[in-house]
Every structure is written in C-alpha cells, then in structure tokens.
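Comments concern the structure below.
Since this is a predicted model, take the numbers as computed values, not measurements. The analysis underlying the following values was restricted to heavy atoms, covering all of them including side chains, and did not include hydrogens, waters or symmetry mates.
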Amino acid sequence: MDPLGILLYGYSKAQSEEIGTSIAAALGREVDLLSASGMEEKTVDEILEAGGSAGFEEREDRVLMFLGFDDEAISRAIDGFPKEKGIVRPIFCGLTDDNVQWKFTYLLEHLLEEHRHWTSRKENGAAE
C-alpha cells in the first residue's frame with residue numbers, strides 16, 4: 001500500500017497534528033504531514049523532495065494538498081476533516097502533473113482565485 005500524505009499550509013503545529021489525526025482515523029491508516037510554511041518560493045516538487053518544512057505557521061490562507069490519495073480516500077478525508085474542533089477548513093486540492101512544477105506562491109494564488117470564482121457563483125445562485 002502506497003503511503004499517503006497531506007501538504008498543509010496556514011495551520012499551526014497543533015492544528016496540523018489534529019488534522020492529520022482526524023484524517024488518519026477517517027481512513028483507518030497513517031497519513032504523513034508536510035508543511036509548505038517558509039517554502040513559498042519553492043516549487044511543490046522541491047517542497048516534497050525536501051520533505052516539507054519543519055515549521056507550521058498559522059496564516060489567513062489555508063491549503064490542504066492530498067498526496068497519493070485516490071478519489072474515495074479524498075472523499076473520506078474531507079468528511080473526516082475536524083471541523084467540530086474549530087479548525088478552519090482549507091482550500092482542498094490534489095497534486096497534479098502540472099501543479100507539481102509550480103512555485104507554491106503561484107499555486108496559492110491560483111487556488112485563491114478559483115475559490116473566489118466558485119464562491120461568487122454560489123452566492124449569486126449560478127449553477128454550472
């Protein structure tokens with residue numbers, strides 16, 4: 001069985017550990033935690049190669065990237081996100097052949113723009 005991981009951005013160490021524990025419980029298996037904090041100018045691939053950052057920092061913008069998850073595991077992980085613990089939900093995304101080469105700052109900008117677009121459509125009652 002291939003390892004599963006989550007790349008987090010915008011969460012403290014305690015919040016990250018709670019997220020990891022909750023997702024691992026939802027999946028019934030261990031999940032590796034990586035942080036992109038302090039590595040914003042590196043590509044996603046470089047962050048993964050480095051094993052993430054040793055630091056976790058709380059930020060206004062929050063991202064959770066699924067690493068090695070299939071669709072069923074992603075669904076179970078999202079359902080298992082610890083929202084009852086008062087942890088703000090992130091923008092969820094998956095690792096792709098394209099975004100693995102992006103600087104994390106570019107990925108974050110892209111995700112925030114996409115989030116604004118879909119939030120605006122939802123608020124305006126538009127359906128795709």
Taking all heavy atoms of [X] and all of [Y], pick out the closest pair and write down the distance.
X     : Y     : answer
Gly5  : Phe69 : O-CE1, 3.1 Å
Ala26 : Gly80 : CB-CA, 3.8 Å
Cys93 : Val63 : SG-CG1, 4.1 Å
Leu27 : Ala73 : CD2-O, 3.5 Å
Tyr9  : Arg59 : OH-NH1, 2.7 Å

Interatomic spacing from [atom1] in [X] to [atom2] in [Y] - rounded to 0.5 Å:
X      : Y     : atom1 : atom2 : result
Leu8   : Glu17 : CG    : CD    : 11.0 Å
Ile23  : Arg29 : CD1   : CZ    : 12.5 Å
Phe104 : Glu41 : CZ    : CD    : 11.5 Å

With sequence neighbours excluded, give me every side chain to side chain donor-acceptor pair (under 3.5 Å) pair touching residues 79-97.
->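 Every side chain to side chain donor-acceptor pair (under 3.5 Å) pair that includes a residue of residues 79-97, provided the two are not neighbours, is Thr96-Asn99.
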May I have the list of side-chain donor-acceptor pairs in residues 45-55 shorter than 3.5 Å, sequence neighbours left out?
unit_1, atom_1, unit_2, atom_2, d
Glu46, OE1, Thr43, N, 2.8
Ser53, OG, Ser37, O, 3.0
Ser53, OG, Gly55, N, 2.8
Ser53, OG, Gly55, O, 3.2

Scan residues 63-74 for pairs that pass salt bridge (Lys or Arg N to Asp or Glu O under 4.0 Å), counting only residues two or more places apart or in two chains.
->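 Residue pairs with at least one partner in residues 63-74: Glu72-Arg76.
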Going by heavy atoms in the side chains, are Asp61 and Leu112 under 4.5 Å from each other?
->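 Asp61 vs Leu112: side chains touch.
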Identify whether [X] and [Y] are in the same connected component of the hydrophobic contact network (ILVMFWY, side-chain heavy atoms under 4.5 Å).
X      : Y      : result
Ile74  : Leu107 : no
Leu111 : Ile6   : no
Phe81  : Phe66  : yes
Leu108 : Leu67  : yes
Ile87  : Leu34  : no

Are there more than 12 heavy atoms of other residues, nucleotides or ligands under 6.0 Å from atom CD of Glu30?
->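 At most 12 heavy atoms, drawn from other residues, nucleotides or ligands, come within 6.0 Å of this atom.
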Any donor-acceptor pair under 3.5 Å linking the side chain of Tyr11 with the backbone of Ser35?
->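 Not a single qualifying donor-acceptor pair exists.
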Donor-acceptor pair, side chain of Gln15 and main chain of Ser12, under 3.5 angstrom =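 Side chain of Gln15 to backbone of Ser12, a donor-acceptor pair under 3.5 Å: yes, one is there.
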Stepwise side-chain contact (heavy atoms from CB on, under 4.5 Å) check, Leu95 with Val44 | CA-CA 9 Å; Leu95 182 66; Val44 173; 3.7 Å; yes
Are Glu114 and Arg116 close enough for a salt bridge, meaning some N to O gap below 4.0 Å?
->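 Looking at Arg116 together with Glu114, the answer is no, because their closest N to O distance does not fall below 4.0 Å.
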Charged N to carboxylate O below 4.0 Å: is that the case for Lys103 and Glu40?
->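 No.
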